[in-house]
Structures are given as C-alpha cells and as structure tokens.
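Single-structure report; data block below.
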Amino acid sequence: MKHVARDQADGLRRMLTGPAGQVLLLAGPACDAALQADLAAALGALGRTVAVVDGPALARLGAAGVDMLETMRAETDTLLLGGGTARATAMQTIAAFHHHADQLLVAFADAPDGIKQSYLLLKGLPKAAAGTLPVRVLVTEARAAQSALHMYGNLAATVREYLGADIALAGYIPADTHLAMARALDKPVVEAFPAAPAALACRQAAREIASWRSAAALPATAWQVPVSQSLDLARQPERID
C-alpha cells in the first residue's frame with residue numbers, strides 16, 4: 001500500500017511540475033562502470049545533462065534513497081542508475097527503484113553465457129516490474145552486427161517462450177581494441193578515441209536512448225516496446241570525418 005501511495009504522489013508531483021528527467025536502470029553481466037561511463041559521455045555529447053548513480057548504494061538508503069533519486073531526476077535529462085554486473089546487486093536496485101524508472105537496459109556480451117545470465121536476471125524480476133517496466137537489451141563485444149542481432153533474437157525468443165514477454169533491442173557495441181586502450185587511460189572511449197568503432201556505436205546507442213519515451217507513455221503490455229522503437233541493426237554507426 002505504501003508503494004501505491006508513493007506512486008500516486010510521484011505522479012501528481014510530476015503533473016504539477018512538468019516532465020522530469022529520464023531514469024534508466026542499467027543491469028546485466030556487461031553493465032560495468034566503464035560501460036556506464038561510455039553511455040554517460042555519449043549522452044553528454046548530445047547536450048544532455050547526465051548523472052550516473054550507484055544503484056545498490058542508493059537502495060541501501062531506503063526511502064531516503066528514493067527521495068534522492070527523484071531530486072536528481074528533476075535536475076538531469078538522463079539519470080543512469082547502475083545495478084552492477086552481479087545479479088544480486090542488480091535485483092536489489094531493480095526491486096528498490098522499478099516504480100521510479102522509465103526503462104530497464106540489460107547489457108550482455110556476445111557470448112552464450114551472456115544470454116543465460118540475462119535470461120536469469122529477467123526471470124527473477126519482481127512481478128510488478130515485469131508487468132510495467134519496458135526492457136531493452138544492449139549487446140557488447142559484438143563480433144558483427146548480424147552476430148549481435150542473432151544474440152538478441154535468441155534471448156528475445158527464450159523470454160517470449162518461457163516468460164511470455166517481449167523485449168526490444170537498444171543496440172550493440174562492437175568488439176574493439178580501443179575499449180581496452182580507453183580503460184587504460186581511465187577515459188570513456190567516446191572521449192579518448194572519438195572515431196573508434198566502439199565510440200561511434202556508443203553515440204548511436206545514446207541517440208537511441210535519448211529518443212525513448214517515458215514508461216507512462218508506453219503500452220501497458222508486459223515489457224512490450226513498440227517495434228518501431230527497436231534499433232535497426234542494418235543502420236551502421238555514423239562515421240566522423
């Protein structure tokens with residue numbers, strides 16, 4: 001009942017104050033701090049104000065953490081709420097904040113274990129989140145666009161068959177040696193090597209994220225995301241001359 005009351009209060013507050021920033025929950029076996037930094041830098045390059053927040057740390061604050069999240073939402077265009085790579089910490093973050101998030105982005109590498117871990121994460125979602133929170137996936141370390149599409153297709157088919165839900169593709173980031181080089185420099189790849197394939201893909205993913213509507217504007221079907229909003233992998237990342 002407390003959740004219902006808080007949800008109603010949040011909804012009324014947003015109606016009175018106007019549209020707030022986008023809250024994006026990040027989770028999955030490839031959702032490390034480096035990926036979060038890459039996405040934040042790419043979104044920032046689009047002119048958006050971005051905040052990256054440690055989800056498990058915020059969740060441990062209870063109601064105070066929720067209030068802090070809503071304050072940061074009002075001050076940013078996009079709030080990236082990282083749940084980490086471990087399923088336990090991701091679940092902790094999702095359970096605490098799914099009522100306040102607009103999307104869940106699950107990141108996994110182009111490998112069979114990435115599909116398995118992502119499926120287990122989605123299978124364990126709280127019932128309320130599974131019914132209302134749109135889910136999209138980002139394939140990292142992709143060997144090629146078609147490989148990323150194949151990995152997404154396998155996960156989507158499994159989720160549809162066994163969980164009765166639909167997920168959408170947010171994009172892919174190719175395997176690229178510039179990623180390790182950027183990590184060694186302790187910089188996002190979009191800043192360290194702006195013309196690298198991974199940097200171009202991060203910017204394309206950022207444009208996709210910036211185009212997403214809030215959860216309130218999406219259909220009520222469990223995890224359903226309109227097909228028109230799913231990234232077309234045939235569209236290659238734009239090059240910078």
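Everything numeric here is computed off the predicted structure, so don't read it as measured data.
The side-chain contact (heavy atoms from CB on, under 4.5 Å) check on Ala30 picks up Ala107, Thr140, with sequence neighbours excluded. Residues satisfying the side chain to side chain donor-acceptor pair (under 3.5 Å) criterion with Thr177, sequence neighbours excluded, are absent altogether. Residues forming a salt bridge (Lys or Arg N to Asp or Glu O under 4.0 Å) with Asp32 (at least two apart in sequence, or on another chain): none. Residues passing the ring-ring contact (aromatic ring centres under 6.0 Å, His included) test with Phe193 are His178, sequence neighbours excluded. Partners of Met72 by side-chain contact (heavy atoms from CB on, under 4.5 Å), not counting sequence neighbours, listed by chain and number: Val53, Leu58, Met68, Leu79. Listed by chain and residue number, nothing satisfies the side-chain contact (heavy atoms from CB on, under 4.5 Å) test with Ala88 (two or more places apart in sequence, or in another chain). Residues satisfying the side-chain contact (heavy atoms from CB on, under 4.5 Å) criterion with Ala199, sequence neighbours excluded, are Val189, Val190, Ala196, Arg203.
In terms of modelled atom types and a separation under 3.5 Å, the side chain of Thr76 and the main chain of Val50 share no donor-acceptor contact. Remark: side-chain polar atoms of Tyr172 are not paired, donor with acceptor, to backbone N or O of Ala201 under 3.5 angstrom. Under the 3.5 Å distance criterion, the side-chain polar atoms of Gln22 are matched with a main-chain donor or acceptor of Ile209. Using modelled atom types, one side-chain atom of Arg73 and one backbone atom of Gly21 make a donor-acceptor pair closer than 3.5 Å.
Within the structure, the salt bridge (charged side-chain N to carboxylate O under 4.0 Å, His left out) test picks out the following pairs touching residues 38-48 (sequence neighbours left out): Asp38-Arg183. Contacts classified as side chain to side chain donor-acceptor pair (under 3.5 Å) and involving residues 82-92 (residues at least two apart or in different chains) are given here: Arg87-Gln117. Screening residues 50-79 for ring pair (Phe, Tyr, Trp, His ring centres under 6.0 Å) gives no qualifying pairs among residues at least two apart or on separate chains. Applying the salt bridge (charged side-chain N to carboxylate O under 4.0 Å, His left out) definition to pairs two or more places apart or across chains, those involving residues 137-150 are Asp110-Arg143. For residues 186-198, no pair satisfies salt bridge (charged side-chain N to carboxylate O under 4.0 Å, His left out), with sequence neighbours left out.
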> Stepwise, does the side-chain contact (heavy atoms from CB on, under 4.5 Å) test hold for Leu35 with Ile173?
Replying inline: CA-CA 10 Å; Leu35 176 62; Ile173 298 175; 3.6 Å; yes

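Tested against Leu81 for a side chain to side chain contact (heavy atoms under 4.5 Å, CB included), the candidates Leu69, Leu26, Leu104 yield a single pass: Leu69.
The line from OG1 of Thr49 to CD of Glu75 is 9.5 Å long, rounded to the nearest 0.5 Å.
Salt-bridge check for Arg60 with Asp54: failed, with every basic side-chain N at 4.0 Å or more from each acidic carboxylate O.
Considering every non-hydrogen atom in both Ala170 and Arg136, the closest pair reads CB-CB, 4.1 Å.
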